[in-house]
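Notes to accompany the following structure.
Chain letters run A, B, ... following the sequence lines, proteins first, then strands; residues in each count from 1.
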Protein chains: 2
Amino acid sequence: MEVHMAQPLTDDLGFLLSRASGQVVRATNAALAEHGLRVRSYSVLVLACEAAKGLSQRELATALALDPSQVVLLVDELVAAGLVERQAAESDRRTRLVVPTAEGCRVREAAGEAATAAVEAPLGLLGDSERDRLRDMLTRICTATA
Amino acid sequence: MEVHMAQPLTDDLGFLLSRASGQVVRATNAALAEHGLRVRSYSVLVLACEAAKGLSQRELATALALDPSQVVLLVDELVAAGLVERQAAESDRRTRLVVPTAEGCRVREAAGEAATAAVEAPLGLLGDSERDRLRDMLTRICTATA
DNA sequence: TATTGTTATACTCTATAACTATA
DNA sequence: TATAGTTATAGAGTATAACAATA
């Protein structure tokens, strides 16, 4: 018979993960607010800017691990703000490519810098090599299941 | 003038953190469901079980980084499920101590094991020493700001 | 006056189901 | 029949404000 010493909540990786995530998301949202963005809409904009020829909403959904129906709303928001456009795809009339406008690219740059700066508050105590290790571990967690 | 090479989204620690957190929370919620709990109510129960003499709701709010008004609802839930009780504090008639019932302690045990097992899916690729490092880094992120 | 707990409200995020138009 | 996008809805999480009882 094994003795189970219940682990304190402050040692629970799930608890720490969600709390740290909350901190960082909160700080990032605050920084993105002046650019009219939040974390999720910002993520869509970043991906659209990364892809040279735009991305389909389906690709965005997969990349962000979001349901396609959520991507619709986020893209709607960005379109309304004039940061991206929906373009008809040549090969398949069902798919609509999300491509950034010139303004979208500018905002993405400025918002990116603001977000990077804001995240220094919670992440300031971590050195560069620690951040690399953290990034590596988080990436493995994300890919472990889906 | 400095050249800013915009960082890809998949390297963004904030993005990775919130995505990894989502994975773990989802897996944990699924495991806790059969015990009638979710991550937040489970956290309250764990803290109540940890403290020998119970905790005030204010202390719970601080420990969980939640607003006191949210703690009220979570405790209501646990009371309705018969897992904790609100006891009048002797020293201060304003404060109400949250103390686990015998059933609450049993459920906390079982739920804790289920949660630990469930988290192995996303965390399985991390060794023990890596988990220690991760725990350390996340703790520093959480304490950096508040 | 300050603090504990409470009620209320609004907004964001998450999760599903169902529908349309194309393929 | 399968896939891309869309609409709708409900539940959970987050964020504030205001209030009563007590200190």
Query raised in the report: With a 4.5 Å limit on heavy-atom distance, are the side chains of A/L97 and A/L55 in contact?
Result: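 When only atoms from C-beta onward are counted, A/L55 and A/L97 do not touch, as no gap falls below 4.5 Å.
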Considering only heavy atoms from C-beta outward, does the side chain of A/V119 approach that of B/L13 to under 4.5 Å? no
With A/Q57 as partner, the option from A/R96, A/Q70, A/R86 fulfilling side chain to side chain donor-acceptor pair (under 3.5 Å) is A/R86
Contacts table for residues 42-50 of chain A: side-chain donor-acceptor under 3.5 angstrom, sequence neighbours left out:
| residue | atom | partner | partner atom | Å |
| --- | --- | --- | --- | --- |
| A/S43 | OG | A/V39 | O | 2.8 |
| A/E50 | OE2 | B/L9 | N | 2.7 |

Quick one: which protein N/O atoms are closer than 3.5 Å to N/O atoms of nucleotides 9-11 of chain C? Pair and distance per line, please.
none

[X] and [Y] ion-paired at < 4.0 Å:
X      : Y      : result
A/D136 : A/R133 : no
A/R140 : B/E130 : yes
A/R106 : A/E103 : yes

Sorted by number, residues from residues 79-94 of chain A placing a heavy atom under 4.0 Å from DNA chain C are A/D92, A/R93, A/R94
A/Q57 atom CD is separated from C/dT22 atom P, nearest whole Å, by 15 Å
Give a yes-or-no answer on whether the side chains of B/T116 and B/E113 include a donor-acceptor pair shorter than 3.5 Å. no
* Toward the 5' end of DNA chain D, by each residue's nearest nucleotide, A/S18 or A/R58 ->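 Going by which nucleotide is closer to the 5' end, it is A/R58.
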Span of DNA chain D engaged by chain B, first through last nucleotide within the 4.0 Å heavy-atom cut-off, is D/dA12 to D/dA23
Begin from the C-alpha positions of B/E85 and B/T101 and carry the test side-chain contact (heavy atoms from CB on, under 4.5 Å) through to its verdict. CA-CA 7 Å; B/E85 288 173 355; B/T101 62; 3.8 Å; yes
**Request:** Decide side-chain hydrogen bond (donor to acceptor under 3.5 Å, both in side chains) for A/E59 and A/T62; before the verdict, give the C-alpha distance in whole Å, the side-chain angles of both, and the deciding distance to 0.1 Å.
**Result:** CA-CA 5 Å; A/E59 290 169 317; A/T62 307; over 6 Å; no
Reading nucleotides 12-20 of chain C from 5' to 3' and marking B where a protein heavy atom lies under 4.0 Å of the base, S where only the sugar-phosphate is that close, and - otherwise, the string is SSBBB----
Residue pairs passing the salt bridge (charged side-chain N to carboxylate O under 4.0 Å, His left out) test with at least one member in residues 33-42 of chain A, sequence neighbours excluded, are none
A/R131 side chain to A/L126 backbone, donor-acceptor under 3.5 Å
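Yes; judged by distance alone, with no hydrogens or angles, the pair exists.
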